[in-house]
Every structure is written in structure tokens, then in C-alpha cells.
Amino acid sequence: MFFVAWLVIIPLCMYLGYSYNEIWEGMMEYCKKGLGSIIILLAVGAIIGTWTACGAVPSVIYFGLSVISPKVFLLTTFILCSCVSLACGTSWGTLGTAGIAMFAIGESMGIPAPMTVGAIVSGSYMGDMVSPMSDSTNVAAASVETDLITHCKELVRMVVPIFLVSSAVYYILGIRFAEMSYDASYVKEIMSAMSRYFHMNIIALLPMILLFVLLFLKKPAIPSMLISALAGCVVALYQGAEATNVLGYFWNGYSIETGQEFLDTLLNRGGVTSMFETGSFMLFCFAMVGAFNTVGILEAIIHPISSKAKNVVQLTGITQLISIVGNFMGTNCFTLMMTGTLMAPAYKKMKLHPTNCSKVMNCTSTVIVSLIPWSADGIFITGLFGISTLYYGLYSVYAYVAPILVFVITCLGFRVIPADVHIEKGEKYNKKEYQKKLAEQAGE
């Protein structure tokens, strides 16, 4: 529908007095901005396929399940889904694999289903929000034209207190189930099935560790991800895969028939080709935003909004408001693209680094969209677990804590980064000196 919408957008933009060539050039210019994110998405697909084949993703789930108990079930569910989502970069993929497993385990323990789904959703979207392999993270960074790894590092600083608060809430909620007895046979069955097909040890996690090390050393994202994916191919040989199949896992994803529906759902995934649909969606969206920007529609929208923001606190609040309103349109990626395109100029005007914008809208839009009943995410979650957003939303702690804390942290002046600081190069700045500089500029 986004592609077909071009047939409406282009003639209407031409009606405003612009030629077809001018509109087309604007569309292509924005497509160029998003191309890097699309290529990263393709690399993400390769990683998911090879990390599954090498046993990295199954190992994370296996070790998580091994420490489960009723008292810490909700906390374990939140942490496990966070780890899987962080490793895979997909909230939907986590919901459909680790989420399904934890939901079944929760039912066998007698944990209320809305609580379980709330913890699953919180963890799935936490990892999705901060992972450099997530489509939403890539879109947020691309829409404001900031470096992906810089954006992710800033999100990590935001996520740590958000994660701790959410974990504390889930631990408190789970205390009431401390004395509950349950049948652990389902957990053992899942773990036994996975151990039959994979060696669960540190070797399986090496490709994942390698990627985190490369990113920590500030190596370029795309080569680092491709190196990790190829390392996954090598470790897959250790897991018993045939040499003729490993590059197939890279391109088409991992495939296996175990005879168990859950395990097949968990393992059959990934590959470069699995990201083609998401990549094309981003491409069409970027082109559409480029057309709007060329004819001045976005400028007409942003001016009356940004003119009301007199300081960074008001600017943050407006960014969050637009992100929430965008969520009601049903899709997170388009909301991030729209919000970033609308608000990035306002941050630039206020002499703030674009990462200030990307982290605020990512901490708002990406987590709240799961609570909208008619959004793609809300429909997917309800269909997957059979629990309405009105019920699991009460226990989706992360969706409330993230936007509130990011606003509070901004109000307190932490990590408000000026535009002339090159944080992607590790440059530091003195907050007091910067605030004094802003005060002087305001006086002028």
C-alpha cells in the first residue's frame, strides 16, 4: 500500500507546483539516506540464520530456562525475552519463539496469563529497542541522520535504569507465587529437545560475543555483523551442520524438521531473504517522506509545533507526543520515520545532537506501539497469545517506565548532548560549561 500510495502522492505534490523530476530527486535523496539501514537489516537476517544454526539463540533460551522458578518466573521471563530480543534484534521473532515457550510454561505454573504476556512483551520490546540489529533502531537512527552505534550506546545509557526499575517491579509481582508448585516436565521437555540438536556451551555463543567485542571496539557495524554471521557459519559446522548448507543458512535462514511444532517455530528462521519485505517497506516509506519534504509539507507541519518548544524539556515532550500520536496510525517504523523527520530540524535549531531526538522517540514509540489494539503489533500479540491489549497492557511495565524515565532524565539534564560534540568519536563534554554557554546564547 505504501508503494501504491506513490500514485496518489506524486500527482498531489505536482499539483503544488513542483515538477515530476524535482519530486523524484527528493524521493531518491531520502532513499539514499535509508539505504545504509536497509543493508544493515539484510545483515541482521544473515545473523539470525547463522546464530540459530550455530546454537547461540537456542543456548540463550536454554540457559534462561534452566534457572526458572515460580517466584522469579515473571522476572526470568522479562530478562530472557530481553536477551533473545537483544541478540536477534526482533520483537516479533522473540514473541513467536521464546515468548511462546514462556507463555506455555507460565500456564503450567498457574501464573495469570496477562501477567506472563505483559512480561514477555516488555522484554521483547526492550531488546528490540536497543539492539543494533533491530529494524526500529536502524530507522530511528537513519531518520535523524545519526550514527547507528552512537544511537545504540545512548539508548543503553537510558535502558539501564529503565531495565532495573522494570526488573524490580516484576520481582515484586512474582513474590506472591513463591509457594506455588508446578509441573516442570514441559520445561525439561523443551531443554531436552534443544540439547539433542545443539551443543549448549560457550563455543555456541562465540559469534555473539565476537559481534559485541567488535562493536565495543567501535568497528563499523556492517563489516562487524557480516564477520559475526560468517563466524556463525563456522561454529555451525561444530554443531554438526554440513559444509554445503552453511552459506544457505546465511542467505535463506536456518531450516530443520524436529517433529515438534514449538521447536520448528523457534529454529526455522532468519536469512538475508527474510528481511527483503521489511527493507522494501522502509524504502517506500523513505521515498514518501522525501516527496513530502521536497514540497514543504513537513516544514509546514513542524514550524507551528517546534515554535512552541522554548527549551529541551518542552522539545522532548513534543517529540514524545508526536511519537504517541504516530503510534495510533498503526506502524512503529513509519512513526519513527515521521517523528524523526519532523523533529530533527527542531533539535538542530536548538543546537542539540540528533541522537537526543532518536533516543527519545525510540524510548517512546517502540514500546508504546504494543499497547495500541489496532496497531500491527497489538493485533499480532493478541492473535499470538489470545490476550487483549487491555489486559496484558496492565502488566507491560516497560511500556510505561521507558517514556516516563527518559523524560525525567532529560528534565534533570543528564545526557543532553550539544550538536558540536562528536560522541561517535568518544568526545567528552562538560555539562556545566555547556549549560552556561546555552544561558549566554539565550541572553543574546
Side-chain angles (χ1 to χ4, degrees), residues 30 33-38 40-41 44 86 89 91 125-160 162 215 218 221 282 285-286 289 293 298 302 305-306 309 312-327 331-369 402-403 405-407 409-410 414-427 429:
Y30 261 74
K33 294 179 181 180
L35 194 57
S37 298
I38 294 172
I40 287 178
L41 272 181
V44 167
L86 179 63
S91 55
Y125 282 84
M126 194 226 76
D128 181 75
M129 188 185 78
V130 75
S131 173
M133 295 172 288
S134 165
D135 55 353
S136 58
T137 307
N138 279 272
V139 171
S143 64
V144 301
E145 299 182 45
T146 190
D147 177 68
L148 173 64
I149 302 305
T150 299
H151 169 67
C152 289
K153 287 180 178 179
E154 285 302 303
L155 279 177
V156 168
R157 292 185 173 95
M158 294 293 107
V159 161
V160 170
I162 296 170
L215 294 179
K218 301 179 181 180
M282 291 174 59
C285 284
F286 271 111
V289 172
N293 186 65
L298 296 180
I302 184 60
I305 298 175
S306 60
V312 67
V313 174
Q314 294 177 1
L315 192 61
T316 300
I318 291 174
T319 303
Q320 291 189 305
L321 178 62
I322 295 177
S323 297
I324 295 171
V325 172
N327 280 163
T331 57
N332 181 46
C333 281
F334 184 72
T335 298
L336 292 171
M337 200 173 304
M338 178 189 71
T339 307
T341 304
L342 286 173
M343 296 306 299
Y347 280 81
K348 184 177 181 181
K349 183 180 178 180
M350 206 171 282
K351 296 186 169 77
L352 293 170
H353 198 281
T355 305
N356 292 292
C357 179
S358 62
K359 70 185 178 185
V360 168
M361 64 186 193
N362 219 1
C363 285
T364 306
S365 174
T366 303
V367 294
I368 289 181
V369 71
L405 274 187
V406 76
F407 182 78
I409 289 172
T410 303
F414 294 114
R415 299 307 299 177
V416 178
I417 306 164
D420 53 358
V421 173
H422 301 286
I423 53 178
E424 62 273 8
K425 297 181 181 178
E427 187 176 331
Y429 71 99

Taking atom [atom1] of [X] and atom [atom2] of [Y], what is their separation to the nearest 0.5 Å?
{"X": "S143", "Y": "M338", "atom1": "OG", "atom2": "CE", "value": "10.5 Å"}
{"X": "K359", "Y": "T150", "atom1": "NZ", "atom2": "OG1", "value": "11.5 Å"}
{"X": "I324", "Y": "T335", "atom1": "CD1", "atom2": "OG1", "value": "11.0 Å"}
{"X": "I409", "Y": "I162", "atom1": "CD1", "atom2": "CD1", "value": "6.0 Å"}
{"X": "M361", "Y": "M337", "atom1": "CE", "atom2": "CE", "value": "9.5 Å"}
{"X": "C357", "Y": "L336", "atom1": "SG", "atom2": "CG", "value": "10.0 Å"}

**Asked** For T355, does its backbone N or O pair with a side-chain atom of E154 as donor and acceptor, under 3.5 Å?
**Response** no
**Message:** Can you tell me which residue among K349, K351, M343 is in a side-chain contact (heavy atoms from CB on, under 4.5 Å) with Y347?
**Reply:**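 Of the listed options, the one satisfying the test is M343.
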**Request:** With side chain to side chain contact (heavy atoms under 4.5 Å, CB included) as the test, would you mind laying out the steps for S136 and M129 before giving the verdict?
**Result:** CA-CA 7 Å; S136 58; M129 188 185 78; 5.8 Å; no
Within the 4.5 Å heavy-atom criterion, are [X] and [Y] side-chain neighbours or not?
{"X": "P354", "Y": "K348", "result": "no"}
{"X": "F407", "Y": "V313", "result": "yes"}
{"X": "V406", "Y": "Q320", "result": "yes"}
{"X": "I368", "Y": "S323", "result": "no"}
{"X": "L315", "Y": "N356", "result": "no"}

**Complete:** Shortest non-hydrogen pair, P345 vs L342, comes out as CD-O, 3.5 Å
**Minimum heavy-atom distance between A402 and V367, given as atom pair plus value** = CB-CG2, 4.1 Å
**Asked** Yes or no on side chain to side chain contact (heavy atoms under 4.5 Å, CB included) for M158 and L405, after CA distance, side-chain angles and deciding distance?
**Response** CA-CA 8 Å; M158 294 293 107; L405 274 187; over 6 Å; no
**Message:** Which residue is it: N327, T339, T319? I am looking for the one with a side chain to side chain donor-acceptor pair (under 3.5 Å) to S365.
**Reply:**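 Testing S365 for a side chain to side chain donor-acceptor pair (under 3.5 Å) against N327, T339, T319 leaves exactly one candidate, N327.
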**Request:** Return yes if a side-chain donor-acceptor contact under 3.5 Å exists between S358 and N362, otherwise no.
**Result:**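 No - no donor-acceptor pair under 3.5 Å links their side chains.
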